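For the numbers below, each heavy atom of this structure counts, side chains included, while hydrogens, waters and symmetry mates do not. Values in this document were obtained by computation on a predicted structure and should not be read as measured data. Counting starts at 1 for both ligands and their atoms, following the listed order. The first residue in the sequence is number 1, and the count goes up from there.
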Amino acid sequence: MKVIVDNKIPYIQGIIEQLADEVIYLPGKAFTPEIVKDADALLTRTRTQCNRQLLEGSRVKFIGTATIGFDHIDTEYCKEAGITWSNCPGCNAGAVEQYIHAVLQLLQREKGIDLQHSCLGIVGVGHVGSRIDRLAKHLNMRVLHNDPPRADQGEEDFCSLQQIAEECDIISFHTPLIKEGIYKTFHLADNDFFRQLKKRPYIINTSRGEVIDTQAILTALNERTISGAVIDVWENEPDINRELLDKVFIGTPHIAGYSADGKANATRMVLEAYCRFFGKEMNFKIAPTETPHDAYDPNEEIRILQQYNPHRDCEALRAHPERFEQLRGDYPLRRE
Ligand SMILES: NC(=O)c1ccc[n+]([C@@H]2O[C@H](COP(=O)([O-])OP(=O)(O)OC[C@H]3O[C@@H](n4cnc5c(N)ncnc54)[C@H](O)[C@@H]3O)[C@@H](O)[C@H]2O)c1
Ligand SMILES: O=C(O)[C@H](O)[C@H](O)COP(=O)(O)O
């Protein structure tokens, strides 16, 4: 059994070796058809495009991605080729909640947003969105939800994207990237969406860059249709739009989900899926490395920013936008 593993999946080394005969570690972008040809399984992150070009003619039977997002996997091709794939639902929802909580505190502290009298629109109410919903209620915010796939299942308490556009002071995107079909999210926030806004909201995107049309959000920032933006995910990563980076309130290098806890969850889940698929025993334990931390302030508003302040990641990205991928690869995983 031969497995190719993305060399930026933490906590996996030493465990996968006991579950395979041969393990090769590579950067996510370095997976090539020649290398994967005689592999049985690939354990990846979002940086490996798993498509016909990579997989055709290979003996790969299983792909596990240590992420929730799977827009880098051509699921239609996998079906056609008989390749089973697996992702890690919910693995990093706590990390994104931590990021959004810090962002909301900064909007209150530095932009004068009165959270208790603000309405938050959550677009995509899955693992992350549900936690943001709970967080917003804890902060006494009014919340509106948009999730057409869930609404179409007969679930209640959802509204249209237009209602969110008209009533919200802050709008946060938590959908997968879906390129086509009735639930398409590619450029969900386009010029039409920005034209519908009534309250000059702040826009937060921790989903995928392509969910927001970059030119449309730049126009909205320039014309002050929106008050500002917090952007963690970008179109065309790692070659991100520098003008957008200059103009946002906070811009970070796709690290909202980068907690040690979230990464450990992802590694455990991807290994469990691998073991289920190949019928291997699961007798491993994965836990984030303990990190020493200061005594935190009992006041929640202070504690949240002591634990994580996205300005640090924003400053690092603004100083070196060309190091987008390096900043992610060498990220000092934070604790939740
Ligand atoms: N920035 C980061 O580090 C980071 C971390 C985690 C997740 N993400 C991104 O955020 C996305 C959401 O994460 P999650 O764990 O909540 O995923 P999830 O699959 O649990 O939830 C996604 C939700 O979006 C809904 N949805 C689908 N199409 C929609 C549409 N057209 N309009 C509105 N809602 C729609 C789904 O019904 C579902 O409830 C992931 O797919 C990933 O791309 C990014
Ligand atoms: O989809 C996800 O889980 C997140 O976007 C995640 O943060 C991406 O992680 P990476 O591919 O960088 O490991």
Side-chain angles (χ1 to χ4, degrees), residues 5-12 27-29 43-50 64-73 87-100 103 121-133 144-153 155 158-162 164 171-189 193 204-212 230-234 237-238 251-259 261-267 269-270 310 313 324-331 333-334:
V5 181
D6 183 311
N7 65 4
K8 292 291 183 189
I9 298 179
Y11 315 120
I12 201 166
K29 291 260 185 221
L43 301 184
T44 70
R45 299 162 43 245
T46 58
R47 273 26 198 167
T48 305
Q49 290 299 319
C50 300
T65 181
T67 60
I68 169 68
F70 57 88
D71 44 282
H72 55 293
I73 299 179
N87 66 336
C88 301
C91 60
N92 46 21
V96 181
E97 179 186 356
Q98 180 186 48
Y99 179 98
I100 300 282
V103 164
I122 304 176
V123 184
V125 194
H127 287 90
V128 175
S130 302
R131 291 183 74 130
I132 305 309
D133 178 44
L144 290 178
H145 314 98
N146 170 260
D147 193 314
R150 287 187 62 185
D152 289 351
Q153 294 293 318
E155 291 188 68
F158 294 105
C159 70
S160 66
L161 192 57
Q162 181 172 349
I164 290 214
I171 302 175
S172 195
F173 287 87
H174 301 289
T175 68
L177 172 60
I178 303 174
K179 290 171 192 141
E180 52 200 30
I182 53 166
Y183 300 125
K184 176 176 154 182
T185 60
F186 178 82
H187 287 187
L188 189 61
F193 168 79
I204 307 174
N205 190 12
T206 59
S207 62
R208 283 290 180 266
E210 292 77 6
V211 171
I212 295 183
V230 174
I231 302 290
D232 179 57
V233 288
W234 309 76
E237 293 176 11
T252 49
H254 194 156
I255 47 68
Y258 270 28
S259 69
D261 312 69
K263 287 285 182 187
N265 289 337
T267 301
M269 290 169 89
V270 86
D313 291 329
F324 189 93
E325 215 51 25
Q326 195 183 328
L327 289 168
R328 309 185 76 231
D330 300 338
Y331 192 76
L333 295 175
R334 56 186 198 264

Q: Given side-chain contact (heavy atoms from CB on, under 4.5 Å), test Val96 with Arg131 step by step and report yes or no.
A: CA-CA 9 Å; Val96 181; Arg131 291 183 74 130; over 6 Å; no

Q | Option whose closest heavy atom lies nearest to atom 32 (N) of ligand 1, chosen from Pro148, Ala93, Gly209 | A | Pro148

(Q) Are any of the N/O atoms on Asp232, whether in the backbone or the side chain, positioned under 3.5 angstrom from an N/O atom of ligand 1? (A) yes

Q) Can you find an N/O atom of Val128 closer than 3.5 Å to an N/O atom of ligand 1? A) yes

Distance dump, ligand 2 polar atoms to protein, N/O, under 3.5 Å:
residue: ligand 2; atom: 1 (O); partner: Gly69; partner atom: N; Å: 2.8
residue: ligand 2; atom: 1 (O); partner: Arg208; partner atom: NH2; Å: 2.8
residue: ligand 2; atom: 3 (O); partner: Ile68; partner atom: N; Å: 2.8
residue: ligand 2; atom: 3 (O); partner: Asn92; partner atom: ND2; Å: 2.8
residue: ligand 2; atom: 5 (O); partner: Arg208; partner atom: NH1; Å: 2.8
residue: ligand 2; atom: 5 (O); partner: Arg208; partner atom: NH2; Å: 3.4
residue: ligand 2; atom: 5 (O); partner: His254; partner atom: NE2; Å: 2.7
residue: ligand 2; atom: 11 (O); partner: Thr46; partner atom: N; Å: 2.8
residue: ligand 2; atom: 11 (O); partner: Thr46; partner atom: OG1; Å: 2.5
residue: ligand 2; atom: 12 (O); partner: Arg45; partner atom: NH2; Å: 3.0
residue: ligand 2; atom: 12 (O); partner: Tyr258; partner atom: OH; Å: 2.4
residue: ligand 2; atom: 12 (O); partner: Arg328; partner atom: NH1; Å: 3.1
residue: ligand 2; atom: 12 (O); partner: Arg328; partner atom: NH2; Å: 2.7
residue: ligand 2; atom: 13 (O); partner: Arg45; partner atom: NE; Å: 2.8
residue: ligand 2; atom: 13 (O); partner: Lys263; partner atom: NZ; Å: 2.8

Q. For atom 38 (C) of ligand 1, what is the nearest protein heavy atom, given as residue, atom name and distance?
A. Asp147 OD2, 3.5 Å

Q | Student check: side-chain heavy atoms of Val103 and Pro310 closer than 4.5 Å | A | yes

Q: Decide whether the shortest distance between a heavy atom of Ser207 and an atom of ligand 1 is less than 4.0 Å.
A: yes

Q. What part of His174, side chain, backbone, both or neither, has a heavy atom within less than 4.0 angstrom of ligand 1?
A. backbone

(Q) If I compare all heavy atoms of Met269 with all of Pro89, which pair ends up nearest, and what's the gap? (A) CE-O, 3.1 Å

Q. Looking at CD1 of Ile12 and CG of Asn7, how far apart are the two atoms once the value is rounded to the nearest 0.5 Å?
A. 11.0 Å

Q: Compare every heavy atom of Thr67 with every heavy atom of Arg45, then report the nearest pair and how far apart it is.
A: CA-CG2, 4.0 Å

Q. Polar-atom distance check: Leu177 versus ligand 1, any N or O pair below 3.5 Å?
A. no

Q. Counting only heavy atoms, which portion of Leu161 has something under 4.0 Å from ligand 1: side chain, backbone, both, or neither?
A. neither

Q) What residue and atom, counting heavy atoms only, is the protein's closest point to atom 5 (C) of ligand 1, and at what distance? A) Val96 CG2, 3.4 Å

Q: Enumerate the atoms of ligand 1 whose separation from the nearest heavy atom of His127 is less than 4.0 angstrom.
A: 15 (O), 16 (O), 18 (P), 20 (O), 21 (O)

Q) Is the shortest side-chain N to carboxylate O distance from Lys29 to Asp6 below 4.0 Å? A) no

(Q) Any nitrogen or oxygen of Tyr183 lying under 3.5 Å from a nitrogen or oxygen in ligand 1? Just yes or no. (A) yes

**Q.** Nearest protein heavy atom with distance in Å, relative to atom 30 (C) of ligand 1
**A.** Thr185 CG2, 3.7 Å

Q. Do you know the tightest heavy-atom contact between Gly262 and Ser259?
A. N-OG, 2.8 Å

(Q) Under 4.0 Å from a heavy atom of Val233: which atoms of ligand 1 are those, numbered in the order shown and with their elements? (A) 1 (N)

Q) Judged by modelled atom types alone, do Tyr258 and Asp313 share a side-chain donor-acceptor pair under 3.5 Å? A) no

Q: Nearest 0.5 Å please: distance from the OG1 atom of Thr65 over to the CZ atom of Phe70.
A: 10.0 Å

Q | Nearest protein heavy atom with distance in Å, relative to atom 11 (C) of ligand 1 | A | Thr175 O, 3.4 Å

Q.
Given 3.5 Å as the limit, does a donor-acceptor pair link the side chain of Asn205 with the main chain of Ile231, or not?
A. no

Q: Could you find the nearest protein heavy atom to atom 41 (O) of ligand 1 and give me its residue, atom name and distance?
A: Pro176 CA, 3.3 Å

(Q) With a 4.0 Å cut-off on heavy atoms, is Pro89 in contact with ligand 1? (A) no

Q) Would you say Val233 and Phe173 make side-chain contact, with heavy atoms under 4.5 Å? A) no

Q: Please could you name the atoms of ligand 1 that Asn92 approaches to less than 4.0 Å, counting only its heavy atoms?
A: 5 (C), 6 (C)

Q: Around atom 40 (C) of ligand 1, find the nearest protein heavy atom and jot down its residue, atom name and distance.
A: Ile68 CG2, 4.0 Å

Q. Atom 21 (O) of ligand 1: which protein heavy atom is closest, and how many Å away?
A. Gly126 CA, 3.2 Å

Q. Would you say Asp71 has any N or O atom under 3.5 Å from an N or O of ligand 1, going by distance alone?
A. no

Q. Got Thr206 and His174 here, is their nearest side-chain heavy-atom distance under 4.5 Å?
A. yes

Q) N/O to N/O below 3.5 Å, does that happen between Arg208 and ligand 1? A) yes

(Q) I'd like to check Lys8 versus Arg328 (side-chain heavy atoms, cut-off strictly below 4.5 Å). Are they in contact? (A) no

Q.
With rounding to the nearest 0.5 angstrom, report the CD1 to CD1 distance, Ile132 to Ile204.
A. 8.5 Å

Q.
Taking Glu237 first and then Arg47, would you say they form a salt bridge - that is, a charged N and a carboxylate O separated by under 4.0 Å?
A. yes

Q | Residues Asp232 and Thr252: side-chain donor-acceptor under 3.5 angstrom | A | yes

Q: Among all protein heavy atoms, pick out the one at the shortest distance from atom 3 (O) of ligand 1; state its residue, atom name and that distance to 0.1 Å.
A: Gly257 N, 2.9 Å

**Q.** Exercise: identify the closest heavy-atom pair between Leu188 and Thr175
**A.** CD2-CG2, 4.4 Å

Q) Which atoms from ligand 1 have a heavy atom of Asn146 less than 4.0 Å away? A) 32 (N), 33 (C), 34 (N)

